[in-house]
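Working notes, structure below.
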Number of protein chains: 2
Amino acid sequence: MSNYQQLEKHFKKLSRFNHLGAICGWDQASMMPEGGNDARSAAMAELAVYTHQLLTDPKLQALFTQAESESLSTEQQASLREMKNRWQQATVLPEDLVEAQSKAGSVCEHAWRNQRKDNNWADFQTNLEKVVELSRQEAQIRSEATGLSRYNALVDLYEPGMTTDKLDVIFADVKSWLPDLIQQIQKKQQSESVLTPQGPFAIDKQKELSVEMMKLLGFDFNHGRLDVSIHPFCGGVPTDVRMTTRYDEVDFTSALMGVIHETGHARYEQGLPKEWAELPAGEARSMGIHESQSLLFEMQLSRSLEFINLLAPTAQALFNREDDPAFTAENITLFNTRVKPAFIRVDADEVTYPAHIILRYEIERDLIEGKIEVADIPSLWNQKMTEYLGVNTEGNYTDGCMQDIHWTDGSFGYFPSYTLGAMYAAQFMATMRKEMDVEQLISDNNLTPIFTWLEANIWSKASTLTTDELVIRATGESLNPSYFKEHLISRYL
Amino acid sequence: MSNYQQLEKHFKKLSRFNHLGAICGWDQASMMPEGGNDARSAAMAELAVYTHQLLTDPKLQALFTQAESESLSTEQQASLREMKNRWQQATVLPEDLVEAQSKAGSVCEHAWRNQRKDNNWADFQTNLEKVVELSRQEAQIRSEATGLSRYNALVDLYEPGMTTDKLDVIFADVKSWLPDLIQQIQKKQQSESVLTPQGPFAIDKQKELSVEMMKLLGFDFNHGRLDVSIHPFCGGVPTDVRMTTRYDEVDFTSALMGVIHETGHARYEQGLPKEWAELPAGEARSMGIHESQSLLFEMQLSRSLEFINLLAPTAQALFNREDDPAFTAENITLFNTRVKPAFIRVDADEVTYPAHIILRYEIERDLIEGKIEVADIPSLWNQKMTEYLGVNTEGNYTDGCMQDIHWTDGSFGYFPSYTLGAMYAAQFMATMRKEMDVEQLISDNNLTPIFTWLEANIWSKASTLTTDELVIRATGESLNPSYFKEHLISRYL
């Protein structure tokens with residue numbers, strides 16, 4: 001067995017243990033009774049220790065060195081690169097730092113749940129300062145190992161190849177036109193009259209509607225299922241994708257749009273190439289590319305009038321609202337494309353969403369690079385919210401700088417992925433429009449050519465290409481945020 | 001850390017990986033879509049390799065030797081004994097034998113599924129001969145390691161301490177009175193008129209009834225749940241017991257009695273002592289004791305008129321059968337206690353069931369000890385079925401010697417556990433009757449004293465006592481099959 005083959009065998013073993021963890025994690029969130037939690041958490045922690053051992057196995061170093069001089073195909077070289085990345089990212093941190101981060105993150109996140117409710121910035125600040133201090137240490141170590149800047153070394157964990165040089169340019173562009181665009185759209189929407197569908201909407205009917213939409217969007221129920229959890233997610237493994245949602249009897253569109261979003265993630269997972277199964281090269285490319293698939297489904301496809309025309313009759317029939325003017329495709333479309341600057345990122349529409357991300361990016365970048373301190377966050381938050389969205393958050397930590405879970409456990413570098421995803425989605429869709437009449441296909445309920453394009457250009461490539469290579473091959477150019485701007489103008493103005 | 005403590009740590013680690021396997025195994029049977037099976041099986045196989053490595057870790061031998069000279073409490077000594085048993089049972093077999101058994105068993109079981117349908121003994125015999133040959137090798141090795149006879153060395157895997165010396169005496173006694181008793185009961189029952197409840201019975205109502213009965217029987221839904229699988233089982237872990245059932249629209253009593261049976265298993269698991277959690281000493285004592293709990297629930301408790309009096313109103317209300325004469329408590333009780341010798345063990349009533357077991361015991365004992373060959377099975381089967389139950393199986397392999405899955409993968413030594421369970425159950429119940437008015441308690445819907453007795457005497461003891469110690473402490477004597485005989489006479493004559 002060649003060194004490369006030994007590495008494949010080792011990483012497949014790791015993948016199989018991760019498989020067990022993914023299913024037990026899904027179970028913990030969607031099936032497990034509360035009383036099972038302590039023992040399950042102990043079992044999951046034991047698994048995490050073991051998978052970390054597998055990933056940092058001392059024998060790997062020699063295998064990597066020797067495999068690099070073996071004769072490998074282009075794809076095997078990419079596979080080797082991805083395995084080595086995982087190994088380097090896992091081995092570079094000293095165990096005591098990982099443990100300290102885990103503890104500090106756990107303390108900060110746990111306390112945050114109540115501190116946020118109590119608008120208690122002062123106590124949260126103390127905990128967050130410890131988390132940031134450890135994340136700065138992590139960034140320093142990763143920076144030395146990779147040659148990237150400190151913040152870039154963290155971004156690289158989620159978006160390999162993405163840097164502040166690129167992000168600063170992209171986001172500066174967005175900032176130059178977004179605030180004005182938001183105002184124009186708001187002005188235009190003032191004159192629209194929109195009806196809010198009135199519930200209650202029975203959960204079992206919402207579930208039927210969700211399943212119908214998943215089928216319409218090509219979800220393979222022979223390789224996955226839909227269940228319920230408090231925080232919706234797309235988990236499991238590519239051969240068995242576990243999607244979850246949460247139903248709200250008052251507003252059926254919230255679960256519905258959430259399900260469509262997760263279906264985008266799910267189809268990416270289900271469409272990953274079988275020949276690279278259980279290997280890093282066969283996994284999804286990055287958080288941004290993953291989000292591009294969910295947003296392509298949720299925003300690009302499913303908030304269009306053409307798609308709502310497919311959806312509305314099913315919703316009308318299930319909820320018995322054939323004669324309800326709130327259930328016309330036109331009204332549902334208007335209802336689903338309202339734009340309104342507000343406090344909360346996760347509730348934001350696709351137009352104001354990038355402002356929430358840019359604000360967080362700028363703060364976390366400077367925080368990790370040591371240019372600002374935790375104590376500076378509230379005033380910066382308020383200043384940027386006012387500037388980008390005209391929203392005043394002074395003294396309101398709950399709905400301001402304490403609203404997100406990400407920073408509490410040290411996940412710095414993740415936020416840009418959301419907006420990168422929206423931009424990739426717009427760019428992919430713009431490319432498809434050059435090759436096919438997307439709106440006509442949707443109107444004809446013939447979505448297959450769209451999925452075929454995604455499968456050929458995105459899903460089947462997995463991580464065998466770098467993100468930049470993937471995007472260039474799919475669209476003919478690197479990430480270009482102008483497609484996102486054009487999408488917003490075309491849909492909203 | 002003492003050697004004993006190091007052993008505890010090691011076995012807790014093993015238990016946590018078994019936890020992940022139990023949940024993923026449950027998921028595979030009850031939740032997983034078909035398309036997920038290949039990758040799941042690969043993940044489960046990888047886990048099995050690893051847990052076998054943990055159990056046969058070379059460092060354990062020295063730890064056991066050194067722990068034995070450490071100062072240990074009585075319970076710690078029992079804990080050490082149980083850990084060592086697991087280790088010895090796992091380490092004694094050479095890897096190539098285990099692998100050969102796994103392959104031969106898999107081939108035999110897989111082919112059996114169709115061979116049984118086709119009544120094809122000849123081809124099955126060829127496969128079974130290989131399985132038996134390997135099981136004889138296993139028995140020989142285990143015999144040399146334990147000093148037990150070959151068959152006893154296999155029985156010991158399921159019923160530690162049980163031997164053919166004891167089983168021969170017990171089963172000879174049963175054979176001396178059972179055939180005659182069956183005839184007397186059949187004669188008595190000829191004059192009874194029994195109505196068969198007529199379906200269909202809606203699945204969702206059956207599920208409600210199941211959950212109601214589980215609540216009545218004290219199942220803790222904060223530490224477990226009920227789902228559906230093709231082959232019902234009780235899995236999961238003590239803190240999170242996963243019960244399954246299968247609903248038949250034609251006959252609601254089949255799922256109901258199955259659920260009550262599994263609830264007995266489940267309460268044993270849920271009642272295991274927290275202080276020995278994740279350690280072999282904290283696990284259920286044996287297959288026979290486990291079965292005693294399921295049969296105590298299903299047979300002793302739930303086929304009594306007093307219990308059916310609790311059950312019937314719920315069933316009547318759920319199925320809207322308040323005026324159906326088939327739904328009176330008296331009729332349901334009669335329906336649930338019919339005795340009829342027949343071909344199939346799993347469908348047998350509690351009176352004829354031991355005959356099925358004794359037959360299998362006698363054949364597998366002589367097979368493993370080398371006194372008979374696989375080719376002898378069909379004629380022995382027919383001879384014994386005729387003698388014990390008056391049923392002729394000549395030429396009918398499908399419903400004769402090919403009906404069970406156990407032998408196909410080499411599970412020899414397991415069958416006696418079923419009837420030992422029925423006997424332990426009768427003995428436990430007889431002891432309870434000396435301490436409390438069981439029938440009155442059931443009539444008063446006050447089952448708590450019964451569960452309290454079981455928890456104190458059986459569940460909380462787990463494997464901290466040997467089976468014989470457990471039974472003597474609980475009932476004042478070793479296993480005594482006369483209680484089972486008395487139970488049958490009292491209920492059926």
Side-chain angles (χ1 to χ4, degrees), chain A residues 9-28 30-51 53-54 204 219-227 235-243 269-270 272 274 277-278 282, chain B residues 9-28 30-51 53-54 204 219-227 235-243 269-270 272 274 277-278 282:
Chain A
K9 194 179 170 202
H10 188 84
F11 275 84
K12 284 189 178 190
K13 181 175 174 178
L14 172 61
S15 165
R16 287 167 188 171
F17 281 97
N18 285 334
H19 177 144
L20 302 173
I23 296 301
C24 287
W26 163 85
D27 181 275
Q28 197 167 13
S30 65
M31 294 285 156
M32 186 189 74
E34 183 61 27
N37 196 52
D38 288 352
R40 177 68 56 81
S41 299
M44 295 290 273
E46 196 76 59
L47 178 68
V49 168
Y50 182 59
T51 52
Q53 277 172 13
L54 284 176
D204 60 334
F219 183 91
D220 177 359
F221 280 93
N222 189 39
H223 290 99
R225 43 181 295 145
L226 172 69
D227 294 280
V237 292
T239 50
D240 186 3
V241 173
R242 301 296 172 96
M243 261 177 58
E269 291 290 319
Q270 291 183 334
L272 290 168
K274 309 284 171 286
E278 301 185 313
Chain B
K9 192 178 171 206
H10 188 85
F11 275 84
K12 285 189 179 190
K13 180 175 174 178
L14 172 60
S15 166
R16 287 168 189 171
F17 281 98
N18 285 334
H19 176 143
L20 302 174
I23 296 301
C24 287
W26 164 85
D27 181 274
Q28 198 167 13
S30 66
M31 294 286 155
M32 186 190 74
E34 183 62 26
N37 197 52
D38 287 352
R40 177 68 55 83
S41 298
M44 295 291 273
E46 195 76 59
L47 178 68
V49 168
Y50 182 59
T51 53
Q53 278 172 11
L54 284 176
D204 60 333
F219 183 91
D220 177 359
F221 280 94
N222 189 38
H223 290 97
R225 45 181 292 145
L226 172 68
D227 295 277
V237 293
T239 50
D240 187 3
V241 173
R242 302 295 172 96
M243 262 177 59
E269 291 289 320
Q270 290 183 335
L272 290 168
K274 309 283 170 287
E278 301 186 312

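Note that these values count all heavy atoms, side chains included, but never hydrogens, waters or copies made by symmetry. Chain A is the first sequence line, chain B the second, and so forth, proteins listed ahead of strands; every chain is numbered from 1.
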Checked B:Ser15, B:Ala45, B:Gly236, B:Pro33 vs chain A; the most non-hydrogen pairs under 4.5 Å come from B:Pro33
Interatomic distance, CD1@A:Ile23 vs CE@B:Met32, rounded to 0.5 Å, equals 9.0 Å
query: Does any N or O in the side chain of B:His223 come within less than 3.5 Å of the main-chain N or O of A:Gly35, such that one atom is a donor and the other an acceptor?
result: yes
So the salt bridge (charged side-chain N to carboxylate O under 4.0 Å, His left out) pairs with at least one residue in residues 18-27 of chain B (sequence neighbours excluded) are A:Arg242-B:Asp27, B:Asp27-B:Arg40
So do the side chains of A:Leu20 and B:Glu46 get within less than 4.5 Å of each other, counting heavy atoms only? no
- prompt: Less than 4.5 Å apart, any side-chain heavy atom of A:Arg16 and any of B:Met44?
  reply: no
Geometric class of the A:Tyr50/B:Phe17 ring pair [parallel <30°, tilted 30-60°, perpendicular >60°]:
perpendicular
Counting heavy-atom pairs under 4.5 Å with chain B, the top scorer among A:Asp240, A:Asn222, A:Thr239, A:Val241 is A:Asn222
Hits for ring pair (Phe, Tyr, Trp, His ring centres under 6.0 Å) against A:Phe219, two or more places apart or cross-chain, chain-then-number order -> A:Phe221
